[in-house]
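Below, read A as the first sequence line, B as the second, and so on, with proteins coming before strands; counting in each chain starts at 1. For clarity, every value in this text was computed on a predicted model and none was experimentally measured.
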Amino acid sequence: MKLAQHYKADIVENKWYKIWLEKKYFHSEPNEKEPYTIVIPPPNITGILHMGHVLNNTLQDILIRRARMLGYNACWVPGTDHASIATEARIVANLKSKGIDKHSLTRDEFMKYAWEWKEKHGGIILEQLKKLGASCDWDRTTFTMDDHYYKSVIHVFVDLYNKGLIYRSHRMVNWDPLALTALSDEEVIYKKTNSKLYYVKYFLTDDSGYLTIATTRPETILADTAVAVNPNDDRYKHLIGKYVYVPLVKREIPIIADQYVDPEFGTGCLKVTPAHDLNDYEIGKKHNLEIIDIFTPDARLNENAKFLIGQDRFEARENIIPLLEKEGNLTKIEDYENNVAYSERTDVPIEPRLSLQWFLKVEELSKPAMQVVLDGTIKFYPDKFINTYRHWMKNIKDWCISRQLWWGHRIPVWYLPNGEFVVAHNEEEAYTLALKKNPNLKKIELHQDDDVLDTWFSSWIWPIAVFNGILQPNNEDINYYYPTNDLVTAPEILFFWVARMIMAGLEYRKQVPFYNVYFTGIVRDKLGRKMSKSLGNSPDPLDLIDKYGADGVRMGMLFSSPLGNDLLFDEALCEQGRNFANKIWNALRLVKMWKIDPVKPTDTINVKSISWFNEQLKASIIEINHYFDEYRISDALKSVYKTIWDYFCSWYLELIKPNYGEPVDANTYNSTINFFKTLMQLLHPFMPFITEEIWHLLQDNYNIDDTIMLTPWPTADSYDENIINDINFIFEFISTVRSLKAQYNITKEDIEVYYNDTEYDKVIKDYEELILKMAQVKSINKNKQLKNTAEALVRTITISIPITETNIEEEKEKILKELDYYKGFLANVNKKLKNENFLKKAPDKVIENEKKKQQDTIKKIESLKKLLKKYEN
RNA sequence: GGGCGCUUAGCUCAGCUGGUUCAGAGCGCCUGCCUUACAAGCAGGAGGUCAAUGGUUCGAAUCCAUUAGCGCCCACCA
């Protein structure tokens, strides 16, 4: 068989993914085996694959593939989220580009268009995940607006309403004046903004003077209904209970006292605008103030403002200034930096707005959800997020779940003409319920709530609803796959999603939704900037896959991502991944190139090499499994990488490789093939494609009905430390000889090496042939002094090789430097050993070790001194 | 303002409840090699007062305190 010099990823990857799908290796059905389940964090239906997805899904694929090899019935459920605000925004924009205004359509027309759009553009991301090698059970692909899922969401709303946990209320909400919808607190981002602080006079109605108030939003003056001061503020105490005129509109409003006012800020006087500020609203409620709303839903001034009617809030802010100036109300304007709330979706400043919304009471739901994390039922990796979680859960507020959109799950509430309402699973049921309130009601008089539910109100039941466990709480799937095992997600959505899934899981299954949560970091570019479209610093994962192969990209991503930390992504790491694939490929080429001689005995070098690598492999397996147990995936990969590249390729293969043209004995060949196979198994979760290909090429027959992904994961209990220690010494010995040769430019192989110590006699004799082969020298001898030698230390022994000329000064300098170091080292050890407290208190083991250090160092110093003497003569 | 975390080589990070000659790895950098698996490679090399100060201890990169710098989360002061 002829193998190409370079590994060709694209051909191999396309071939295998197709076969895997055909063979349904990813598909799972409940059986007698133990399940291992992961549900994907559903990406937005409109989304396309970005580097964050690559990281997140590579990790999930690694976990699920290893679980599959460990013998679990592994099931990774994929799917997408309808993402109401984001998707509706895109659909509206798309309509607009065709000259269609959303509001010119009926709800049904709009939804029809939206579904068409979804069928056409949705789900691209799932196809992209296949390129990455994701081993999802595609037969279980779920969309949050699939029929059964939709009904599940509605069921949950009705159920929670009937339990008294959902209520409708006037509340100050975060209003997005562009999207024309309320947002949850989590969808608001605060940005430091340069703005101005305006100082405005409010004249007392009794003509006894004025108060000055500092505000960043002068346009809301028109909606003021009080002025507040701190009750303990001596400057203003005497004014409490008096009245002032609101500038321009000349409305009389009271001066009230409230602890909320900070006497230190601004002038110590606060204008109270209950309709347009959350805190003012609270104050207003307390003091029973009038609420005057001066904004339209898209944040223009309405008739209530009396001035600047029809102007946008920012226009009005500018235009009210000259008016105030003219009336003599404005005293000064200062530059000021403050935090302004922006909509995460549309990036416009939020307008606090009073409106009727639906809320979920979360206090009762959050208590058990906090408990399961604190008591370790659910583990967070890394665990630092437990604190963040606890802090948030303690201060959790009711969840505003209604959104003024059409794309999503329509709130299952029907209103009667008189304003009463019923909550039901569907219109029929609603009508039946409504008839009880009004027996003469006609069906057409019922009107369903126009709003939809927050997207997270559907995704919080994801781990249950993908198995249809809400509508059919006892079906086989949900009973088998739930609770799931791992969740891999970003810390940004710890509250949006993770916390809420825990609440829903406990409420609807009485069980946590997952046992382990792995938090990934943010993918940044190599300069540390967050990857974003606007910066243009985010590579397209598909381009990277074309260039380096999916295996290479997976490697590159994983190589730089320690658990829970942000990762600085550098394309060079994908290159490193591709190079690794090529390295493995060439190791295969080497092995496949050999001719096998079935009667040839195994020579000493190979016997020893095989016995060493056998132990080394066990040691590596133990380490790799240990890292997996701690979810240190990147460390596990590094360990596999080192085992393959350093131990297997650089040492083992070089040791056993026959001279050109010579055959290899059957024992060596078989051992090597078996080692190679085990290494491919260890690497498979990380690089699924190349490992599958090589697994097949290592077999006697290339049989595509076979697969590496269902072979048992390698395990080991213990390894022989002595063999590994001996070999490590031998490798050091070899490296030192190579180093000496490199230093003195010796390329010959016929030189002799000398060493001067008896302690390592046995090891050196045992592994003599290995040294000769790898260090490329003729012989190793003891205690012979030559005239011209170059020398170096390996642990406590001195080795020397003959050279033709020596730069004596340079050598002396080197030795003196080393001597200095070891003298200092010895002094430290001596000091310790003379310290009575140390001898009394330190454990015996430590003392013994110090003594050994002492002896070794004395030995080394003697050797160095001898050498020095030689040079001085 | 409240909470959490970080600071170890040029870069990214390991280093578990103090004690293995403990100061490490990968990348980058430098030197020499196109050696019949691989130049997408091989061999060798240089680089660090473990942020600063003080304390605990026989012993501190590791534990404690303070300081400086950085990051994240929460709250949102008009």
### Query
With sequence neighbours excluded, what pairs up with His287(A) under the side chain to side chain contact (heavy atoms under 4.5 Å, CB included) test?
Ile256(A), Asp258(A), Ile283(A), Leu289(A)
### Query
Can you name the side-chain hydrogen bond (donor to acceptor under 3.5 Å, both in side chains) partners of Thr643(A), sequence neighbours left out?
Ser620(A)
### Check ion pair Glu351(A)-Arg217(A) (N to O, under 4.0 angstrom)
yes
### Non-neighbouring partners of Asn830(A) that pass side chain to side chain contact (heavy atoms under 4.5 Å, CB included), sequence neighbours left out
Leu826(A), Gln854(A)
With the criterion being N/O to N/O and under 3.5 Å, what pairs connect the protein with nucleotides 76-78 of chain B, and how long is each?
from	atom 1	to	atom 2	distance (Å)
rC76(B)	O2	Asn339(A)	ND2	3.4
rC76(B)	N3	Asn339(A)	ND2	2.9
rC77(B)	OP1	Asn279(A)	ND2	2.3
rC77(B)	O2	Asp262(A)	OD2	3.4
rA78(B)	OP2	Tyr336(A)	OH	2.4
rA78(B)	O3'	Thr216(A)	OG1	3.2
rA78(B)	N6	Asp262(A)	O	2.8
rA78(B)	N6	Phe265(A)	O	3.3
rA78(B)	N1	Asp262(A)	N	3.3

### Protein proximity profile, nucleotides 15-22 of chain B - base contact B, sugar-phosphate-only contact S, no contact -, cut-off 4.0 Å on heavy atoms
S---BSB-
### Task
Using ring pair (Phe, Tyr, Trp, His ring centres under 6.0 Å) as the criterion, list what pairs up with Tyr342(A), not counting sequence neighbours.
none
### Task
Using atom NZ of Lys741(A) as one end and atom P of rG44(B) as the other, report the distance to the nearest whole Å.
12 Å
### Query
So what's the dot-bracket for RNA chain B: Watson-Crick or G-U pairs under 3.5 Å, [ ] if a pair crosses, | if it pairs off-strand?
(((((((..((((.....[....)))).(((((.......))))).....(((((..]....))))))))))))....
Please tabulate the protein-to-nucleotide N/O contacts below 3.5 Å involving nucleotides 70-73 of chain B, giving atom names and distances.
none

### Query
In B/S/- notation, 5' to 3', how is nucleotides 25-41 of chain B contacted by protein heavy atoms closer than 4.0 Å?
-SS--------BBBSBS
### Task
Give me the one residue out of Thr220(A), Thr215(A), Asp277(A) that meets side chain to side chain donor-acceptor pair (under 3.5 Å) with Lys271(A).
Thr220(A)
### Task
Please name all residues satisfying salt bridge (charged side-chain N to carboxylate O under 4.0 Å, His left out) with Lys397(A), sequence neighbours left out, ordered by chain then number.
Asp185(A)
### Task
Sequence neighbours left out, what passes side chain to side chain contact (heavy atoms under 4.5 Å, CB included) with Asp525(A)? Give chain and number order.
Leu527(A), Arg529(A), Met531(A), Asn537(A)
### Task
Go through the structure and list residues passing salt bridge (charged side-chain N to carboxylate O under 4.0 Å, His left out) with Lys851(A), not counting sequence neighbours.
none
